[in-house]
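Lettering follows sequence order; numbering is per chain, from 1.
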2 protein chains.
Amino acid sequence: MSLDRDEVVDAAVRILDDYGLGDLSMRRVADVLGVKAGALYWHVANKQSLLAAVADRVLAELAVVDVDAEPHQALTGWAHDLRRVLLAHRDSADLVATALASGLCQHDPLAGVAAVLARHEPAERADWGARALLHLVLGHVAEEQNVALFAQLGSLDVVPGGQDAAFTHAVTALVSGLLALTTLKE
Amino acid sequence: MSLDRDEVVDAAVRILDDYGLGDLSMRRVADVLGVKAGALYWHVANKQSLLAAVADRVLAELAVVDVDAEPHQALTGWAHDLRRVLLAHRDSADLVATALASGLCQHDPLAGVAAVLARHEPAERADWGARALLHLVLGHVAEEQNVALFAQLGSLDVVPGGQDAAFTHAVTALVSGLLALTTLKE
DNA sequence: ACCTGAACACCGTTCAAGT
DNA sequence: ACCTGAACACCGTTCAAGT
């Protein structure tokens, strides 16, 4: 039985979860699969697209957004859900951020929230708002995960965790501001 | 005349600006300085702390925040200034984000904005708000720079640039939301 | 079709030895 | 004090050759 693209991505996700992005090398993925590194390139174009596939796996865990829900609840709910999914996979915020920018991801995590905002303002502004929320969440979780990383490496003497209140405050502020600007415009 | 720590950082900044973070290796820095890679470790503990020093150079270009200015103007002004500084150095958003999390930076870019907010709410909430704004800016500029990176690598057919309106909208929304929440509390 | 072996051009870091 | 030479243990990627 030969290898499969999904198995390659599976192995990559496992390494990410267990050892972090720094240990996610092509050679390590190959080792886990009992194969030589060169073999991976039959199933995957390069490391960059493998990482995009990993990011897609993470984003696939997102709950679907109810477009007809109350906007404030829909937006804050999505932000919290995104943070939950990211915190479930080590170093995933940096990974997802670069993967999304690479244009190699299948998933578009913005679609749902942009649709919610688009019910109250022009599509372009809705997109801006959705991306702002995405950036805030990615930036926030990236800091959480990087602090955890450096704390584990011993180069930092800060106790990670306990960012729930800070995150909630940040998201509440941005969502309130976004919705306030829409009602002004419509 | 022997090497100097500042010269090492200078060379690193130059490589970052001209070739990007992917080409910023210890060996490359050494080459630019006409020295062998091992020599750098006399002036710098490791690559991580060199990157932190580079991040400090970038952050040093920030204008000082007028704590007594009108809050909305002070916060949005700082956000735009931070974006200006980041866009002046290739790939700097990712660099600064991880360097700040590493705890090896001298600079604390939050101090000014946190002080502004602290005039209207408790210190902890002011810190949350300042960090939210920092994360939004870092996330936004990171996307801009990563898209530019992948576009240059040919793996993306999107034209970079033209994000001023999106950024302004995002910052305005967050700052409005943050200040609205403070007045509710005080 | 799918994988190995082996190479190419790189990394960060250490450290004896030189001056 | 400051640097070289040389090594160690890695990288991503390619590609002839095997099956």
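B:Gln145 places no side-chain N or O within donor-acceptor distance of the main-chain N or O of B:Asp94, the cut-off being under 3.5 Å. In this structure, the side chain of B:Arg5 engages the main chain of B:His43 through a donor-acceptor pair within 3.5 Å. Proximity of a side-chain donor or acceptor of A:Asn146 to a complementary backbone N or O of B:Ala101 within less than 3.5 Å is not detected.
Distance A:Leu40 CG to C:dC3 P: 9 Å, rounded to the nearest Å. When the C1' atom of C:dA1 is taken as reference, atom CZ of A:Arg5 falls 17 Å away, rounded to whole Å. Rounded to whole angstrom, the span from the NZ atom of B:Lys36 across to the P atom of D:dA7 amounts to 14 Å.
Between A:Arg84 and A:Asp81, at least one side-chain N (NZ, or NE/NH1/NH2) sits under 4.0 Å from a carboxylate O, which counts as a salt bridge. Salt-bridge annotation for A:Asp127 and A:Arg131: present, with a side-chain N of the basic residue lying under 4.0 Å from a carboxylate O of the acidic one.
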I need a per-nucleotide contact map over nucleotides 8-15 of chain D, read 5' to 3'. Cutoff is protein heavy atoms under 4.0 Å; write B for the base, S for backbone only, - otherwise.
---BBBB-
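Spacing of C1' atoms, C:dA9 relative to D:dC10, comes out at 13 Å, to the nearest Å. Using C1' as the reference atom, D:dA17 and C:dC2 are 13 Å apart when rounded to the nearest Å.
Using a 4.5 Å heavy-atom cutoff, the side chains of B:Asp164 and B:Arg83 are in contact.
B:Leu51 contributes atom CG, which lies 7.0 Å from atom OG1 of B:Thr98 (distance to the nearest 0.5 angstrom). Note: A:Phe167 CZ to A:Thr76 OG1 = 9.5 Å, rounded to the nearest 0.5 Å.
Checking the phosphate oxygens (OP1, OP2) of D:dC3, no side-chain nitrogen or oxygen of B:Trp42 falls inside 4.0 Å. In terms of phosphate contacts, B:His43 brings a side-chain nitrogen or oxygen within less than 4.0 Å of OP1 or OP2 of D:dC3.
Helical stems involving DNA chain D, defined as 3 or more consecutive Watson-Crick or G-U pairs under 3.5 Å, span C:4-8 with D:12-16, C:12-16 with D:4-8.
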